[in-house]
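Bear in mind the structure is a predicted one, so any value in this text is a computation, not a measurement.
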Amino acid sequence: MSGVPTLDPPRLPDPAATASSLRKTVLFQVRGRVASLTGDAVTVQGMTAPLGAICELLPPDAPATLARVIGFDDTRPILAPMEPITRLAAGDRVRLLSHALTLRVGQSLCGRIVDAFGRPIDGRPLSEDLMRVDVSHSAPDSLARPPIDQPLQTGVRAIDAMLTCGVGQRLGIFAGSGVGKSTLLGMITRGTNADRVVIAMVGERGREVGEFIQRTLGEEGLKKSVVVVATSDKPAAQRLSAAYTATSIAEQFRDEGHNVLLLVDSVTRFAMAQRELGLAAGEPPTTRGYPPSVFNLLPQLVERAGRTEKGSITAFYTVLVEGDDNNEPIADTVRGLLDGHIVLNRKLAHRGHFPPIDIPESVSRLQNHLVTPEIGAAVLKIREHMVQYDNSEDLISIGAYRQGSDPRIDAAIAMRDPINILLRQHSDDQTPMEMSHQMVMKLAAAQTGQAVPGGQPANVANNPAAQQAAAQQAAQQAAAQQAAAKQAAGG
């Protein structure tokens, strides 16, 4: 009934989170002094602090600077500044603030842009209803994870149709620089049916942050999102913390019962930040200069995502491969930790094929558990055509292949354009998952001569020209249905 007042009782903090926060609070003053500074590593004498503790550097004529304990030189803590150092000299005071980094999270954080400490950088104060939680959490127990059996819509046909992602799944997006990772993340953010979206921009160029939020993410995408930013000019400790902060925010939403989409761009810069800190703490460099702690932290980060009894975190981690080498150490390690990988191909981008997802090189390990056997068979058939065409592309391009020599190659050539119609998509388009699956089924049915939903069986079994015409007609019909649905929604 209108006019009836509604009660909005105050929200009590979680007792377990409050108890954990109190245990890590420093109830007395612990002070020391700067002993030496080597690169970005500050050695402190006269005090002790646990690994990961947050301290404050207090130069006499400059603002205080936060720093984190990353190691020890004998009994002296080694600190990594989390903010740019303006002035620091031997003998300057150091004060222990907390045994761990904490931040404030809650529902009102949606639509906000914060830094690695959870502080707003969009010019508005945070709401008072936020609760303080720890940034560092352990991953859910392996036996407490329900099976992943529900697909998550991304709105990207190439993913929903050919690389179906499940609620709680973790995938990697592997690409070189400038291939289109940020654009793909924006498409996923706008097209997903997840309840909440958390985006970590780790080590990005400052110019790209505003462009991503305004152009790629958009106003509608930002409304249900939280963006955590640590640009490339920030200290390594802050860039490292940004990924943990975003994961902690996603965990809080998950524990409140939401299905959360977590996007971390990029996990490579996360690893590079830890490489800086590890070398500063005295770790030996191993593979390509990465110390052992990098390969120890990667599984600790990605295992925090996933599905629990309360909710889920579906995570996409972008991997910036060096020299387009998908087998470099970080890419190889992350690929082994995740439930699938999406490879972006620079050649496809140069041809104007967007999003430039290389389907034969990509895989979703849970797809067979998320789609019907009919859709799975149709996807497998389309993948076979794509692999067949790629294997024969050189012969086809130079005109050395004669039509009729191999029926499999004839079918692959006939299906080439219809498959591209399916996989190509404008960055502003979002396709419902049901429609993506319909397009796949129509393509497979048109190629084999089976009955196409809404049409008659085509006699195309041994006729490449008829195969191409039927498949292209099926793809165009599905695209027309999508355009009509989009126009109806806009009206």
Side-chain angles (χ1 to χ4, degrees), residues 148 150-176 179-204 212 216-217 221 224-228 242-247 249-251 253-254 258-271 298-299 301-307 311-321 326 330-331 333-344 355-359 361-367 370 425 427 430 433:
I148 297 173
Q150 299 177 3
L152 177 78
Q153 175 180 299
T154 66
V156 181
R157 290 194 296 271
I159 298 177
D160 289 345
M162 306 296 295
L163 305 165
T164 307
C165 172
V167 175
Q169 190 173 348
R170 302 162 304 176
L171 292 98
I173 299 177
F174 294 74
V179 179
K181 297 186 303 299
S182 297
T183 302
L184 179 59
L185 291 182
M187 294 175 66
I188 294 173
T189 302
R190 293 190 299 271
T192 185
N193 57 0
D195 303 323
R196 298 287 184 269
V197 180
V198 182
I199 305 169
M201 304 188 71
V202 182
E204 286 289 338
F212 177 82
T216 305
L217 187 59
K224 64 176 181 179
S225 304
V226 181
V227 183
V228 182
Y244 289 123
T245 296
T247 304
I249 295 173
E251 287 173 330
F253 288 149
R254 177 187 64 187
H258 296 292
N259 290 327
V260 186
L261 177 64
L262 173 64
L263 309 175
V264 179
D265 184 20
S266 69
V267 72
T268 303
R269 296 191 177 104
F270 168 86
L298 286 174
L301 176 68
V302 302
E303 284 293 335
R304 290 171 63 177
R307 186 182 176 190
S312 68
I313 299 177
T314 307
F316 285 82
Y317 300 94
T318 68
V319 181
L320 185 64
V321 296
N326 291 318
I330 298 301
T333 301
V334 173
R335 184 167 51 247
L337 296 172
L338 300 179
D339 306 318
H341 52 274
I342 299 171
V343 178
L344 303 189
I357 299 176
D358 192 337
I359 298 297
E361 293 293 329
S362 306
V363 66
S364 172
R365 298 179 182 176
L366 299 177
Q367 183 172 23
L370 302 172
Q425 185 174 352
S427 60
Q430 293 95 43
M433 178 173 288

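- Within the 4.5 Å cutoff, the side chain of Val202 has no heavy atoms near those of the Ser266 side chain.
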Any chance you could lay out the side chain to side chain donor-acceptor pair (under 3.5 Å) test for Ser364 and Gln169, step after step, and finish with the verdict?
CA-CA 9 Å; Ser364 172; Gln169 190 173 348; 3.1 Å; yes
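- Thr247 contributes atom OG1, which lies 7.0 Å from atom CD1 of Ile313 (distance to the nearest 0.5 angstrom).
- Put simply, the side chain of Leu217 reaches to within 4.5 Å of the side chain of Val227, judged on heavy atoms.
- Side-chain atoms of Ile188 and Ile159, non-hydrogen and from C-beta on, do get closer than 4.5 Å to each other.
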Taking it one step at a time, do Asp265 and Tyr317 satisfy side-chain contact (heavy atoms from CB on, under 4.5 Å)?
CA-CA 6 Å; Asp265 184 20; Tyr317 300 94; over 6 Å; no
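- Distance check, rounded to the nearest 0.5 Å: CD1 of Ile342 to CE of Met162 gives 12.5 Å.
- Within the 3.5 Å criterion, the main-chain N or O of Leu338 finds a donor-acceptor partner in the side chain of Arg365.
- Remark: Arg254 CZ to Thr314 OG1 distance equals 10.5 Å, nearest 0.5 Å.
- Judged by distance alone, the side chain of Gln425 and the main-chain N or O of Gly155 form a donor-acceptor pair under 3.5 Å.
- Of the inter-residue distances, the one linking Leu184 atom CG with Ile357 atom CD1 reads 5.0 Å to the nearest 0.5 angstrom.
- Residues Pro151 and Val167 approach most closely at O-CG2, 3.8 Å, considering heavy atoms.
- Residues Ile249 and Thr245 have side chains in contact (heavy-atom distance under 4.5 Å, counting atoms from C-beta outward).
- In this structure, CG on Leu152 lies 5.0 Å from CG on Asn193, to the nearest 0.5 angstrom.
- Under the ring pair (Phe, Tyr, Trp, His ring centres under 6.0 Å) criterion, Tyr244 pairs with Phe270, not counting sequence neighbours.
- Contact annotation: the side chain of Met187 never approaches that of Thr154 to less than 4.5 Å [non-hydrogen atoms, C-beta and beyond].
- Contact of the Val198 side chain with the Leu262 side chain is registered, since non-hydrogen atoms from C-beta on lie closer than 4.5 Å.
- Rounded to the nearest 0.5 Å, atoms CD (Gln367) and SG (Cys165) are 10.5 Å apart.
- Panel note: side chain Ser312, backbone Arg307; no donor-acceptor pair is recorded below 3.5 Å.
- Phe174 carries Arg335 over the face of its six-membered ring, with the cationic atom under 6.0 Å from the centre and within 45° of the normal.
- Scanning both residues, Ile359 and Ala158, for their nearest heavy atoms gives CD1-O, 3.9 Å.
- Smallest separation of non-hydrogen atoms from Ala161 and Thr164: O-OG1, 4.1 Å.
- Residues Leu185 and Ile199 form no side-chain contact, since every pair of their non-hydrogen atoms from C-beta on lies 4.5 Å or further apart.
- Annotation for Glu361: atom CD does not count as buried by contact number, only 12 or fewer foreign heavy atoms lying within 6.0 Å.
- In this structure, Ile148 and Gln150 have side chains that are not in contact, with every pair of non-hydrogen atoms separated by 4.5 Å or more.
- Each of Leu171, Leu344, Val343 was compared with Ser362 under the side-chain contact (heavy atoms from CB on, under 4.5 Å) criterion, and only Val343 meets it.
- Using a 4.0 Å cut-off between charged side-chain N and carboxylate O, Arg170 and Asp339 make a salt bridge.
- Heavy atoms only, all atoms of each residue included: Thr189 and Gly221 are closest at CG2-O, 4.2 Å.
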